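First the proteins, then the strands, lettered A, B, ... as listed; each starts at 1. Because the structure is a prediction, the values reported are computed rather than measured.
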Amino acid sequence: MTADDGTVLRLTDRLPCGTVVADLLDPAIDKTPAGRHSDGCRHCQGALTRLRGRWEPVAAAAREPAPVPPGLVARVSRAIRADHGSAHALRVTGPGGGLFLAPRVVADLVRRAAAGVADMRAIGAHYDGDRVRMDVHARLGAPIPAAAARVRRQVRSALLVHLGTEGPPVDIAVTALFVAAEPPDAGVRAVTG
Amino acid sequence: MRMPLGTGGTPPAAGPPPRAAPAMPDPGPAADSDRRLVLAARRGDVGAFERLVRRHTPMVYRVALRIVQNGADAEDCVQDAWLSAWRGLSRYRADGAASTWLYRVTTNAALMQVRGRRPLVPLSPVHDIATAEAGIDAVAEVDAVRRALAQITVEQRTVIVLREYEGLSYDEIAQILDLSVPAVRSRLHRARAELARSLEEWR
């Protein structure tokens with residue numbers, strides 16, 4: 001950090017009084033006493049002031065709000081309710097007996113199947129025993145119905161491979177848009193069964 | 001007896017000032033209410049658990065976002081954390097603070113999220129209005145903090161988030177991360193030093 005007089009203070013520096021600057025870091029940030037020597041030492045007090053000032057942007061960053069995205073609480077509630085009961089399991093009949101898939105598994109399969117589709121990012125999926133609802137983010141500028149159709153095709157074909165059935169209908173809810181310049185982060189791991 | 005969140009603990013003198021949004025409801029009636037809800041949920045009351053979800057998702061999302069540094073991953077993390085909490089209700093200690101338990105499942109979910117993926121993309125600005133009003137220098141500095149936070153290890157970032165962003169005491173962080181208080185002090189010191197050095201590089 002640079003003081004008004006242009007001098008640079010580094011954590012590895014030793015002050016004229018012998019105190020290493022790094023030893024003042026925690027007292028400066030926690031605003032706790034730095035010890036008998038430092039409490040009465042002008043070198044230490046000066047360094048403490050500069051350290052506190054340098055830390056102020058961290059405090060400012062901490063004050064930034066982080067509002068909960070719309071729909072997140074509802075998705076969590078659905079996931080919990082789905083996890084609570086297995087009454088909504090998907091039944092796949094076949095020779096030799098029934099096969100039951102927990103809602104979370106159905107949602108997971110659907111979400112994974114949709115992960116590679118261009119122009120859409122699957123954010124979460126939920127199976128209620130009848131239909132799958134998938135929340136997605138769509139690329140700004142892309143034809144959304146076409147992208148949604150690609151998602152459904154890909155989901156159907158993946159479920160056909162995994163389950164031997166096309167599975168339940170898939171309702172797609174576009175909950176946000178993203179721009180192409182954004183990093184193609186996966187952001188697609190949410191599964192709510 | 002456990003200290004309430006955001007107060008007390010070690011060190012006893014002034015810690016970081018309270019942040020814009022309280023980390024958790026104040027102790028007392030709200031904490032008791034949390035405990036009652038958790039115990040009800042443990043008996044199978046989904047509605048009680050959903051009340052916890054509504055009450056604490058702001059904290060869970062805030063912590064997750066700052067640890068994983070990405071909005072979409074943070075949403076995943078929130079779902080994972082709540083499902084983990086739901087499935088782990090039997091492990092909740094009735095004499096413990098529900099908030100500590102929730103911080104623990106949240107940080108665990110966030111750590112698992114980050115450890116299982118590729119390197120971080122720094123968090124983009126979340127609140128353009130707030131930062132724009134703060135002036136260009138402040139915006140740049142906050143942005144520098146954001147980038148510096150993304151550069152340190154996730155273990156270091158976690159203690160920074162819990163201490164500097166959530167305002168928790170050393171004792172609380174030790175309980176949440178299952179570490180000793182000296183271990184928290186040591187990790188926090190290294191994290192702060194690393195963050196301070198990273199901030200210098202952005203100047």
| query | In terms of heavy-atom pairs under 4.5 Å, which option from A:Pro69, A:Ser77, A:Ala60 contacts chain B the most? | reply |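 Looking at each option in turn, the highest pair count goes to A:Pro69.
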Got a second to check how far [X]'s [atom1] is from [Y]'s [atom2], nearest 0.5 Å?
| X | Y | atom1 | atom2 | value |
| --- | --- | --- | --- | --- |
| A:Ile80 | B:Gln79 | CD1 | CD | 8.5 Å |
| A:Asp135 | B:Glu75 | CG | CD | 9.0 Å |
| B:Asp76 | A:Arg111 | CG | CZ | 7.5 Å |

Quick one: does [X]'s side chain get under 4.5 Å of [Y]'s, heavy atoms only?
| X | Y | answer |
| --- | --- | --- |
| A:Asp30 | B:Arg163 | yes |
| A:Arg81 | B:Glu50 | yes |
| A:Ile29 | B:Glu164 | yes |

| request: Return the set of residues passing ring pair (Phe, Tyr, Trp, His ring centres under 6.0 Å) with B:Trp101 (not counting sequence neighbours), or none when no residue passes. | output: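 Once residues adjacent in sequence are excluded, the partners of B:Trp101 under the ring pair (Phe, Tyr, Trp, His ring centres under 6.0 Å) criterion are B:Tyr92.
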| task | Please list, chain by chain and in numerical order, all residues satisfying side-chain hydrogen bond (donor to acceptor under 3.5 Å, both in side chains) with B:His189, sequence neighbours excluded. | result |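 Residues passing side-chain hydrogen bond (donor to acceptor under 3.5 Å, both in side chains) with B:His189: A:Asp26.
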For residues [X] and [Y], report the shortest heavy-atom separation together with the two atoms involved.
| X | Y | result |
| --- | --- | --- |
| B:Ala72 | A:Ile123 | CB-CD1, 4.5 Å |
| A:Pro57 | B:Glu141 | CG-OE1, 3.4 Å |
| A:Ala79 | B:Leu83 | O-CD2, 4.0 Å |
| B:Val145 | A:Val58 | CG2-N, 3.8 Å |
| A:Ala66 | B:Tyr61 | O-CD2, 3.7 Å |

